[in-house]
Every structure is written in C-alpha cells, then in structure tokens.
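Presented below is the structure to which this report refers.
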Amino acid sequence: MTRIVNNILRTIALMLCVGQFVLQAWSQQPSVQDSLRGVIARGGRDTNTIKALNDYAMSVHETFPDTTRLFATKALGIADSLNYSTGRARSLNVIGVSYFIQNNYEKALEFYLQALTLRENAGDMGGVAALLNNVGMVYRDMKDYVTALSYYFRAKHLNDSLQNRLFLSRNLNNIGSAYEELAAYDSALVYHQRSLALKEIIGEKQGMATSLRNIGRVYLKLGRKSDAFEMLQKALSVPEISKQTMVQTLLDLSETYHSGKHEKAAISTAERAVLMSREMGAVLLEQNAHELLSRYKASVEDHRSALEHYQRFIAIRDSLFNDKSTRRLAALQTNYEIERQRNQIALLTNDKKLQETVRTALIGGAALLLILLLISFIAYRNKRRSEHQLQETNVEILRQQDLLSDQSQEIELVNTALSENNEQLAEANSSLTALNTEKDEFFGIVAHDLKNPLNGIRGLADMMLHYAGDFDESQKQQFLTSIVSASERMFELIKNLLDVNAIERGGFTLNPVVADVSTHAEIVADSYRTRAAQKQIVIHYAGEKGICATVDETALHQVLDNLVSNAVKYSPHGKHVWVVVSSHQSLVSSHQSLGIDRSTPNDQTPMTNDQAPITNNQPLMARVVVRDEGPGLNENDKQQLFGKFARLSAQPTGGEHSTGLGLSIVKKLVELMNGRVWCESELGQGATFIVELPTIQASEEK
C-alpha cells in the first residue's frame with residue numbers, strides 16, 4: 001500500500017512539473033504557441049487537434065523532451081481512435097525524437113521504424129526520407145557510422161528526386177559528419193560545402209550556422225587552423241544560430257585556440273560553453289566542456305582546477321549511466337508489481353471458490369439438521385402408536401447422524417485438498433513467472449543483438465546494390481569488411497546460444513580422458529599471440545610439465561580459449577597477459593619457479609589468496625590462472641560475472657564485440673568436469689580468472 005501511495009504522489013508531482021514546463025514554454029513563445037493552445041484547449045478529437053498536439057510537442061522538444069512525449073502520446077491515442085495513419089506516423093516520429101534527445105537510442109529506433117513502416121505503406125516519400133534521416137542520426141550517435149551513411153544516402157536520393165532542397169541540405173550535412181567520424185576528411189569537406197551552398201540559396205540561417213561550424217571543425221582536423229578559426233567565427237556571427245549550435249561552436253573554437261597555443265582564449269571560450277550548456281540543461285555538452293577545461297587547465301599547470309573539472313566530467317558521465325540503469329530498474333519494478341498483483345488476484349479467486357464450497361456444505365448440513373428435527377418431531381408424535389415405529393425412527397436417526405458425520409469428514413478432506421491445490425498453484429505460478437521473465441529477457445536480448453547486425457548488413461548491401469557508383473573501391477572494401485564483421489558477430493551469438501542450450505537441457509555429452517592441462521594451456525596461449533600483437537599486448541606463459549587431469553579435451557580447450565580471448569579483448573594496448581599452470585602445492589613457490597619475468601614493467605605475479613601449503617588429506621588440483629591488466633571489475637560486475645547475457649562495465653578495447661555468454665559457458669563446462677572457476681579482481685587492477693580441475697590422483701581418491 002505504501003508503494004502504491006508513493007507511486008501516486010510521484011505521478012502527481014510529475015504532472016505538476018509538466019504543467020509548469022508547459023506554462024513556462026507558452027509564456028516564452030506566445031507568438032508561436034497561442035494558436036496551438038487554442039486548438040488544444042478545445043479538447044477536440046479530430047485531425048486538427050492531432051496536428052496541434054504534434055506541432056506543440058515539436059516546438060518544445062529540445063528543452064522539454066518529457067513534455068514532447070506527453071503531448072505526442074495524446075495525439076497518438078486520438079489518431080488510433082480515428083484510424084488516422086498520417087497523424088499516427090507523425091506522433092510516432094515525434095515520440096522517437098523525444099527519446100533521441102534523451103539519448104535513449106533503443107526506444108528512439110523503435111518508434112522511428114514504426115513510423116517509417118506507416119509512411120512507406122502510405123506512399124509518403126517525403127515522410128520516408130525524413131525518417132530515414134532520423135534513423136541515420138540514431139546510428140550516428142551510437143557510433144555506427146557505416147550504417148548511418150546507408151540511411152543518409154537513401155534519404156538523399158529520395159529528397160533529390162522530390163527536389164526538397166531544405167531536407168536535401170540537411171542530408172548532405174549529415175553525410176559530411178559521418179565521413180568526418182570515419183576520418184575521411186576530404187569527403188566530409190565536400191559534402192559540408194555542398195550543404196552550405198544549398199542553405200545559402202534557400203536562406204536557411206540556422207542551417208548555415210551548423211554547416212559553417214562543421215566546415216571549421218574539419219579544417220581544424222586537417223591542420224588548417226586559420227581557415228578553421230574563420231569558419232567558426234562566421235558561424236557565431238549568424239543571428240539565428242541556436243543555443244545548442246552556439247555551444248558546440250564554442251567548444252570547437254576553444255580547441256582551435258588550444259591547438260594554436262592560445263591557452264587563455266581557449267579556457268575562457270570553454271568556460272563560456274560550460275555556462276551556456278548548464279543553462280540549457282544540455283548535460284552531454286557540459287560534460288564535453290568540462291573534459292576540455294580539465295585538459296586546458298592541466299596544460300597551464302593549474303592542476304587543482306584541472307582536477308575539479310575532471311571530477312565534474314566524471315560525475316556527469318556517471319549520472320548519465322545511472323539514469324539509464326534507473327530507467328531499466330523502474331521498468332523491471334513495474335513488471336514485478338503487475339505480476340505480484342496478478343498473483344494476489346489469483347489467490348483471492350481461489351479463496352472465494354473455497355468460501356463458496358464451505359457455504360454450500362453448511363447449507364447442506366443445515367438442511368440435513370432440519371430433516372433430523374422433522375423426523376424427531378414425527379417420531380415423538382407417533383411414540384404412543386408403536387414401540388416398533390419408535391425403534392425404527394431411532395435407527396433412522398442414527399443412520400442420518402452417521403451420514404452427517406461422513407459428509408463432515410468429506411468436507412474436511414475437500415478443504416485439505418483445496419489448500420494443497422492452492423499451494424501447488426502458487427508454486428506453479430511463481431515458477432511460470434520466473435520462466436516467463438527469463439524467456440522475455442532472453443528473446444529481448446537475442447532480438448536486440450541480432451537486429452543491429454542484420455540492419456547493418458541490410459543497409460550496407462542495399463546501399464552497394466543501388467548506389468554503388470557513389471563509392472570508390474576503398475569504401476566498398478570497408479563496407480564488405482563491416483558486413484563480414486556483423487555476420488561473424490551473429491554467428492558467434494548463435495553458436496554460444498546453442499552451446500548454452502545443449503548444456504542446460506543435458507544434451508552436452510562429456511568424453512572424459514586423461515589430458516595434459518599444461519599442454520592445452522600452452523597451445524591456447526600461443527594461438528593468441530598474433531592477435532594480441534595487433535594491440536601490442538604480450539602473452540606470458542609459465543607452466544609445470546605433466547599436470548594431468550581427467551577432462552573432456554574439447555570442453556577444456558573451449559574454457560581456456562574463452563578466458564585467454566577475454567584477457568586480450570579487455571586489455572588496453574601495450575599491456576601484458578599471463579597464463580600459468582601449476583599443481584595446488586606449487587603456489588607457495590617463488591616467482592622464478594612460476595616462470596614469470598619480473599623485469600617486465602608493472603608485472604605482478606598472478607597469485608591467489610589460496611597460497612597456504614596443502615595438507616596430505618586435501619585433493620591435489622590442477623590450476624590454470626589467466627591474469628590481465630585490464631580495467632578490473634566493480635562489485636556489480638562480480639555479482640553477475642558468470643550469468644547469461646552479462647553486461648559488464650568494462651568494454652573491449654579494440655572494437656571487438658561480446659555476446660555476454662562466454663563466461664556462463666565456461667562455468668557450466670568446468671562444473672561438468674567436477675572443477676570450479678572464480679575471479680579475483682579490484683577495480684582498476686586487472687582481473688585474475690582461476691580454474692581448478694581434479695588431477696588424476698584426486699579422481700582416483702573419489
């Protein structure tokens with residue numbers, strides 16, 4: 001009850017805040033908002049109301065994205081009731097914009113793609129082009145620039161054919177930005193300049209400011225500082241420049257000053273950007289500004305101020321991450337409350353049925369009691385008539401009493417059976433709820449991890465099929481490489497899913513043999529040296545010879561391959577990875593006996609807490625230790641480390657991908673081989689994974 005009251009209070013507070021935001025927005029832009037307010041205030045349910053709601057939602061989307069979503073959702077409900085597909089598509093697009101502003105890319109894509117389907121079905125090519133551009137912007141912010149380009153080019157060709165110069169200028173600008181992120185600066189400059197020329201023709205002032213800023217940024221990356229300074233100053237001089245573009249331009253200008261060693265001007269410009277972004281509530285821009293100021297202050301040896309700006313940068317970054325986690329936890333909490341209420345309803349229904357059964361039994365007993373009273377009355381009245389009749393009546397009374405007793409026992413048995421059934425139903429409901437939740441998370445994650453690579457493959461293939469003439473051979477080779485990479489990612493996910501399924505349903509059969517663990521570990525370590533060398537990572541191997549265990553060789557190889565692969569994947573460039581094999585007693589030996597070169601910089605022997613000598617009555621274990629110098633694990637990572645689809649805070653350092661299933665498979669395979677696996681790590685100190693398997697002697701003792 002307390003939770004429900006708190007939820008109601010939070011809802012009322014949110015409505016009050018939304019109302020305050022709406023009043024503030026209306027008071028700030030009366031000339032734009034008056035007509036829309038008049039239509040909305042009438043409370044109609046027609047196409048004009050839908051248009052007014054969506055127009056008002058878009059007019060405040062940069063400042064109040066939650067308000068945008070509120071009005072667009074109301075418009076969507078009216079459009080659904082009228083079966084008005086055009087209004088529905090517009091509302092879905094506006095909702096997607098509100099999520100995009102809040103960096104919730106998954107929800108933004110969901111609504112954009114729904115709107116895109118409606119526009120395509122209606123044959124609205126202008127709307128299709130706009131949505132293709134919006135989807136491209138989502139992939140741009142997700143740093144998938146190749147996929148973003150595929151959507152931008154599709155939108156460009158549509159706007160070209162429709163002669164829509166305004167949206168074509170924006171497509172050209174977005175294509176230039178994507179090429180810039182791919183470090184193709186010459187191509188980026190061409191498209192930005194084409195966009196600027198088109199905006200000057202149509203007089204799109206705000207767009208001119210954006211293009212001038214983009215051209216200045218590209219000049220800066222090409223080392224043309226004077227050209228960059230000129231373009232950025234021109235962008236700031238455009239009267240119609242938006243606050244967001246102004247802050248972005250100020251950040252680029254501060255970098256231009258810094259590159260020219262004008263530190264004082266760089267710092268003052270960045271500080272101006274901090275103040276403006278804070279006034280706007282643009283936390284991402286404020287984060288970038290603090291990061292720049294941290295570097296600039298350090299360059300002039302103002303280390304205290306540099307530390308303050310860096311701490312602010314970290315605080316904003318963590319706040320953004322926690323906000324995303326909070327949204328997911330809130331959704332899970334809501335699902336939990338709904339399921340709990342369903343279970344309560346089911347229990348109340350069962351209780352009601354039980355009460356009806358008891359009531360029926362009581363009515364039957366009362367009826368029987370009435371019959372007994374009637375029989376007694378008749379027997380009493382006829383007592384004088386015949387002693388024989390009295391005896392017969394007594395016998396009947398006794399028989400009826402026995403019957404009543406039997407029925408009472410049956411009622412008690414029914415009550416007991418109902419109670420047991422209720423308990424079984426509660427257990428079944430709990431089990432089904434857990435399975436259903438796991439199934440929903442499973443399909444949601446699989447659909448998400450397969451959808452993005454498939455979209456990328458589809459977009460790249462479609463782009464190469466229809467617009468091959470727009471790309472040179474190096475670009476085509478880059479697209480083909482991306483297609484192969486996405487295919488390998490899907491193949492790895494499907495392979496891991498099949499492995500997990502086979503293990504969990506008992507379809508994974510072990511073929512135990514006596515194998516040399518040290519030989520297998522050395523082979524796996526050698527197989528990763530070339531891949532590690534691409535990231536300047538050195539793999540060190542040290543192992544005692546002849547450490548044998550009864551294992552499945554395929555499973556052992558898969559376990560070791562996964563652990564070494566993860567160590568290389570999550571280690572920064574230029575670090576070290578150690579693979580050490582030993583028996584349990586050898587852990588008390590020196591560093592030299594383990595074969596680790598102590599002259600290596602920042603070397604630490606991958607020892608564990610279990611370093612005390614082993615007594616004779618303890619089993620002898622073959623131990624494999626894999627240690628890296630990666631970012632390490634926080635407490636939350638440790639809790640979900642070996643779970644399925646685990647998403648940890650650490651990210652691969654060389655653009656690799658992860659399915660989140662590898663360590664889950666490792667744990668299951670090790671346990672199937674009667675071993676155990678665990679991890680020892682501190683945040684920022686790397687991670688050490690330890691696998692222990694029974695040696696031949698330990699297996700014989702068992």
Side-chain angles (χ1 to χ4, degrees), residues 495-496 498-528 539-567 577-589 593-595 606-627 641-644 661-680 687-702:
K495 176 180 177 297
N496 285 338
L498 292 175
D499 286 344
V500 170
N501 180 261
I503 294 171
E504 291 188 343
R505 64 181 174 83
F508 190 89
T509 304
L510 291 179
N511 181 26
V513 297
V514 176
D516 188 334
V517 178
S518 54
T519 298
H520 279 275
E522 186 172 8
I523 290 172
V524 171
D526 288 341
S527 69
Y528 274 91
I539 297 180
H540 305 275
Y541 172 77
E544 298 177 6
K545 299 295 184 181
I547 298 179
C548 296
T550 303
V551 295
D552 182 292
E553 291 189 293
T554 301
L556 175 62
H557 186 86
Q558 188 171 357
V559 167
L560 298 176
D561 184 85
N562 195 290
L563 294 179
V564 177
S565 172
N566 279 355
V577 172
W578 291 269
V579 180
V580 180
V581 182
S582 64
S583 61
H584 207 32
Q585 287 89 338
S586 68
L587 293 176
V588 298
S589 60
S593 66
L594 286 174
M607 304 293 283
T608 71
N609 294 331
D610 302 326
Q611 297 183 357
I614 304 300
T615 60
N616 292 332
N617 61 348
Q618 290 179 303
L620 190 64
M621 306 297 286
R623 174 174 289 193
V624 181
V625 177
V626 178
R627 187 178 73 82
L641 183 60
F642 292 100
K644 288 187 293 186
L661 289 169
L663 290 178
S664 172
I665 294 173
V666 165
K667 187 175 187 297
K668 293 180 184 295
L669 290 177
V670 171
E671 290 175 349
L672 284 174
M673 293 186 290
N674 298 317
R676 67 184 188 123
V677 59
W678 72 95
C679 176
E680 298 175 357
T688 301
F689 284 84
I690 305 103
V691 175
E692 284 190 351
L693 298 166
T695 61
I696 301 173
Q697 296 92 325
S699 300
E700 291 174 351
E701 289 174 6
K702 292 183 178 180

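All heavy atoms count here, side chains included; hydrogens, waters and symmetry mates do not.
For Glu553, there are no salt bridge (Lys or Arg N to Asp or Glu O under 4.0 Å) partners at least two apart in sequence or on another chain. For Thr519, the side chain to side chain donor-acceptor pair (under 3.5 Å) partners at least two apart in sequence or on another chain are Asp516. Residues satisfying the side-chain contact (heavy atoms from CB on, under 4.5 Å) criterion with Ala567, sequence neighbours excluded, are Val577, Val626, Asp628.
For the pair Ser583 and Ile547, the tightest heavy-atom approach, listed with the atom from each and the gap, is N-CD1, 3.4 Å. The heavy-atom pair separating Val551 from Met673 by the smallest distance is CB-SD, 3.7 Å. Scanning all heavy atoms of the two residues, the minimum distance from Cys679 to Ala687 falls at SG-CB, 4.2 Å. Among all heavy-atom pairs drawn from Val581 and Ala521, the shortest one is CG2-CB, 3.5 Å. Summarising the geometry of Lys667 relative to Val677, their closest heavy-atom pair is CA-CG1, 3.8 Å, with the distance given to 0.1 Å.
Atom OG1 of residue Thr688 and atom CG of residue Leu563 lie 11.5 Å apart, to the nearest 0.5 angstrom.
Classified by interplanar angle (parallel below 30°, tilted 30° to 60°, perpendicular above 60°), the ring pair His520/His557 is perpendicular.
Residues Leu693 and Leu556 form a side-chain contact, since some pair of their non-hydrogen atoms from C-beta on lies under 4.5 Å apart. No side-chain heavy atom of Phe642 sits under 4.5 Å from any side-chain heavy atom of Lys668.
Screening residues 517-527 for salt bridge (Lys or Arg N to Asp or Glu O under 4.0 Å), with sequence neighbours left out, gives Glu522-Lys545, Asp526-Arg529.
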Practice task
Would you please test Tyr541 and Val564 for side-chain contact (heavy atoms from CB on, under 4.5 Å) and show each step?
Solution key: CA-CA 11 Å; Tyr541 172 77; Val564 177; over 6 Å; no

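When atom types are taken as modelled, the side chain of Thr695 and the backbone of Ala622 share no donor-acceptor pair closer than 3.5 angstrom.
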